[in-house]
Each structure stands twice: as structure tokens, then as C-alpha cells.
There are 2 protein chains.
Amino acid sequence: MKRITKKLKDAGLKVTAARMKILELLESNRGTHASAEELYRMMLERGEDIGIATLYRVLTQCEQAGLVERLQFEGGRAVFEIAEESHHDHIVCVRCGQVQEFHDEVIEARQREVARDAGFEMEDHSMVLYGLCPGCRGD
Amino acid sequence: MKRITKKLKDAGLKVTAARMKILELLESNRGTHASAEELYRMMLERGEDIGIATLYRVLTQCEQAGLVERLQFEGGRAVFEIAEESHHDHIVCVRCGQVQEFHDEVIEARQREVARDAGFEMEDHSMVLYGLCPGCRGD
DNA sequence: CTAGTTGCAAATCATTTGCACTTGC
DNA sequence: GCAAGTGCAAATGATTTGCAACTAG
């Protein structure tokens with residue numbers, strides 16, 4: 001059984017063509033951070049006949065099931081990525097929009113501490129750094 | 001001259017009634033983190049006649065001038081707060097929506113390091129922790 | 001068979017914009 | 001006086017929803 005099929009079953013979601021196609025697309029685009037609109041165009045280019053409504057529905061369901069992560073960078077629209085085993089955060093170039101991933105245990109640990117000190121039990125966090133990427137710093 | 005008047009002048013913005021009212025409202029609601037829609041309702045309750053379009057325009061201009069900060073928590077709409085001298089980040093309760101502010105130099109310093117290691121010159125960041133607040137943990 | 005899924009078009013929500021009118025300097 | 005600011009209504013862009021047709025289990 002394909003890995004994606006298993007992921008869907010484990011999440012309690014029916015294994016449908018649309019869901020398979022969408023997860024395959026996300027898997028083959030790791031690191032891309034595409035918006036719904038961009039994913040939709042990619043599907044069309046691949047010749048797949050998936051409605052944008054279905055795309056949004058599947059992304060939302062998969063997000064709730066933990067198969068997909070939704071990221072909200074500055075500037076309105078959300079971008080999506082396939083969920084990885086390991087958590088990471090993002091650095092976005094304010095000039096060209098390039099996105100890099102990073103993971104830092106010092107920050108992660110400190111976040112849990114800060115939350116605990118405030119009396120919160122931390123469940124999640126979002127952290128995005130903005131700056132000029134190496135390529136854009138020279139311009 | 002009123003403090004707010006000075007802020008506007010220093011920012012190179014004309015001192016208009018709408019701008020004064022909006023900044024006054026934000027100042028008298030420090031820590032509230034209200035959305036544009038909520039601010040609009042508050043203005044109406046105060047009997048002020050400010051259009052929602054103006055509200056958005058003023059918020060955007062003041063954000064660009066550094067007088068106001070726009071925060072994007074999960075769930076679509078942005079919330080606004082008057083800019084403070086000192087930077088801070090936020091912890092949001094996933095149950096009741098309560099927002100607390102915090103500042104942690106360990107994290108801030110580490111963020112700059114992480115960005116530098118990736119070759120970026122960090123200009124800004126957004127960090128929001130999500131969890132259950134003390135009040136909601138008992139439920 | 002039938003509850004869950006999908007595609008389409010229409011709806012919704014937050015935010016932005018065009019335009020004629022008003023106001024700060 | 002005039003460029004900048006404002007209110008209103010209409011436009012926009014991203015995302016969601018109603019509904020009738022379709023499909024996985």
C-alpha cells in the first residue's frame with residue numbers, strides 16, 4: 001500500500017483520487033511553500049481535474065489531521081507544506097519572498113519556558129523571521 | 001500640543017480628526033488587540049463617525065509610520081495595537097482567545113543569530129505562542 | 001447502498017479602491 | 001486654494017459553502 005494511502009487511512013479519511021493527488025503534489029514539492037492558488041495551477045498543469053473548493057477542503061482536512069501545515073506569512077494568503085516528522089520554523093526574504101526553514105532547540109525550549117512562566121501550557125507556536133536573503137543583500 | 005498630535009506630525013501625517021480619534025482609541029485600549037471590525041464598533045459606540053475604509057487606511061498608514069502594529073493571529077483577521085517603545089511578542093489562548101504579551105531577550109538574540117547563520121540580515125519577526133491559559137486549563 | 005466527496009457557482013469575510021466631497025495647513 | 005483626507009458604495013482576493021451528482025467502502 002502506498003505511503004500516502006496509509007497516511008490517509010491512519011487519519012481516518014477516505015482514500016480518494018483528489019486527496020491522493022493533492023498529497024502527492026505536496027510531497028513532490030517539499031520546501032516550496034505554495035499557496036492554494038499556486039497548488040491549483042500546478043494541478044491543472046499536471047492535467048488533474050481538481051476544483052479549487054476541493055483543494056481548500058482537502059488542505060483543511062489534512063491540516064486538522066496533521067498531514068499538512070498551513071503557514072500564514074505577511075501579506076494575506078496562506079501557504080501549505082506537507083507535515084514533516086520534525087518541526088521547523090521559517091525565514092522569509094522581504095525582497096524576493098524566498099523561504100528557508102530552520103530549527104533551533106534553544107528557542108524552542110525557551111518558548112516552552114516563557115509560556116509556562118505565563119501560566120500557559122504551550123500547544124503550538126508560529127515563528128517567522130523576516131529579512132534580506134544573501135542574494136538580495138547585494139542589490 | 002497633545003502627544004498624539006506630535007506623533008502624527010513627526011510621522012509626516014496631517015493631523016486630522018479621524019487619525020486623532022483612532023490613535024486615541026488605540027491608546028486607551030493598550031493590551032486589547034482589537035480587530036478593525038472591533039475598533040470600528042468601538043468608534044461607533046463612542047459616537048464617532050468614522051468610515052471603515054478610513055479606519056483601514058489610517059491603520060495602514062500608521063503602521064507604515066511605525067505608530068501602530070498589525071498582528072496576524074490564526075484565523076484570518078488582523079488585530080492592531082498602538083506601537084510601544086519596547087518590542088514584545090504574544091501568547092494566545094486557543095480556547096478563549098485571551099492575549100498576553102511577553103518579551104524574552106534570550107529568544108530575540110538567538111533569532112538574530114539564526115538569521116545571520118542563514119545569511120539573512122533580520123529586519124523583523126513575528127512570534128506567537130498558542131496554548132491554554134491558566135483560566136482555561138481547569139475546564 | 002449510502003455516508004462521505006467532489007465540482008461548480010454563488011456566498012462570505014476581511015480589506016481595498018474609485019470617486020465626489022470636505023478639510024488641514 | 002489645493003493637495004491630502006474622508007465616506008460611501010462597489011470592487012477585490014482569498015477562502016467557504018450550498019447543492020446536486022458521484023464514488024469509496
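Reckoned from all heavy atoms, side chains included, excluding hydrogens, waters and symmetry mates. Every chain is numbered from 1 and lettered A, B, ... according to where its sequence line falls, protein lines coming before strand lines.
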Report task. Starting from P on D:dG5, measure out to CG on B:L23 and report it in whole angstrom. Result -> 13 Å
Query raised in the report: Once you round it to whole Å, what is the distance between P of D:dA24 and CZ of A:R19?
Result: 11 Å
Report summary line: note: A:Q72, atom CD; D:dG13, atom C1'; distance rounded to Å ~ 13 Å
Report summary line: Residue set satisfying side-chain contact (heavy atoms from CB on, under 4.5 Å) with A:A83, at least two apart, ordered chain then number -> A:E69
Query raised in the report: If you measure only the distance, is there a donor-acceptor pair under 3.5 Å linking the side chains of A:Q61 and A:R19?
Result: yes
Query raised in the report: Once you round to the nearest 0.5 Å, how far does NZ of A:K6 lie from NZ of A:K9?
Result: 10.0 Å
Query raised in the report: Whole-Å distance between D:dG5 P and B:I22 CD1?
Result: 13 Å
Query raised in the report: Just how large is the angle between the end axes of the helix from C:dC1-D:dG25 to C:dC25-D:dG1, five pairs per end, to 10 degrees?
Result: 40°
Requested in this report: Report the C-alpha distance between B:H90 and B:F102 in whole Å, list the side-chain angles of each, state the deciding distance to 0.1 Å, and finish with yes or no for ring-ring contact (aromatic ring centres under 6.0 Å, His included).
Outcome: CA-CA 6 Å; B:H90 300 86; B:F102 73 92; 7.9 Å; no
Requested in this report: Apply side-chain contact (heavy atoms from CB on, under 4.5 Å) to A:T54 and list each qualifying residue two or more places apart in sequence or on a separate chain.
Outcome: A:A18, A:I50, A:R57, A:V58
Report summary line: Taken to the nearest whole Å, CD/A:E74 to C1'/C:dA14 is 17 Å
Report task. Please work out which residues in residues 41-59 of chain B have a non-hydrogen atom less than 4.0 Å from an atom of DNA chain C and list them by number. Result -> B:A53, B:Y56, B:R57
Query - Value in whole Å for how far the C1' atom of C:dC13 lies from CD of B:E38 - result: 14 Å
**Report entry** Rounded interatomic separation in angstrom, taking CE from A:M20 and P from D:dT23
**Finding:** 17 Å
Requested in this report: Taking the side chain as every heavy atom from C-beta outward, state whether B:E108 and B:R110 have any atom pair closer than 4.5 Å.
Outcome: no
Report task. Whole angstrom is fine here: how far is it from OH in A:Y40 over to P in C:dT6? Result -> 14 Å
Query raised in the report: Do you see a donor-acceptor pair shorter than 3.5 Å between the side chains of A:S126 and A:R70?
Result: no
Query raised in the report: Quick one: salt bridge (charged side-chain N to carboxylate O under 4.0 Å, His left out) partners of A:R116, sequence neighbours excluded?
Result: none
Query raised in the report: Among side-chain atoms of B:H88 and B:E81, is any donor-acceptor pair under 3.5 angstrom?
Result: yes
Query raised in the report: Do the charged groups of A:E27 and A:K7 touch, with an N to O distance under 4.0 Å?
Result: yes
Query - Pairing of B:R137 and A:E121 as salt bridge, 4.0 angstrom limit - result: yes
Query - Contact state string [nucleotides 20-25 of chain C, B base, S sugar-phosphate only, - no protein heavy atom under 4.0 Å] - result: ----BS
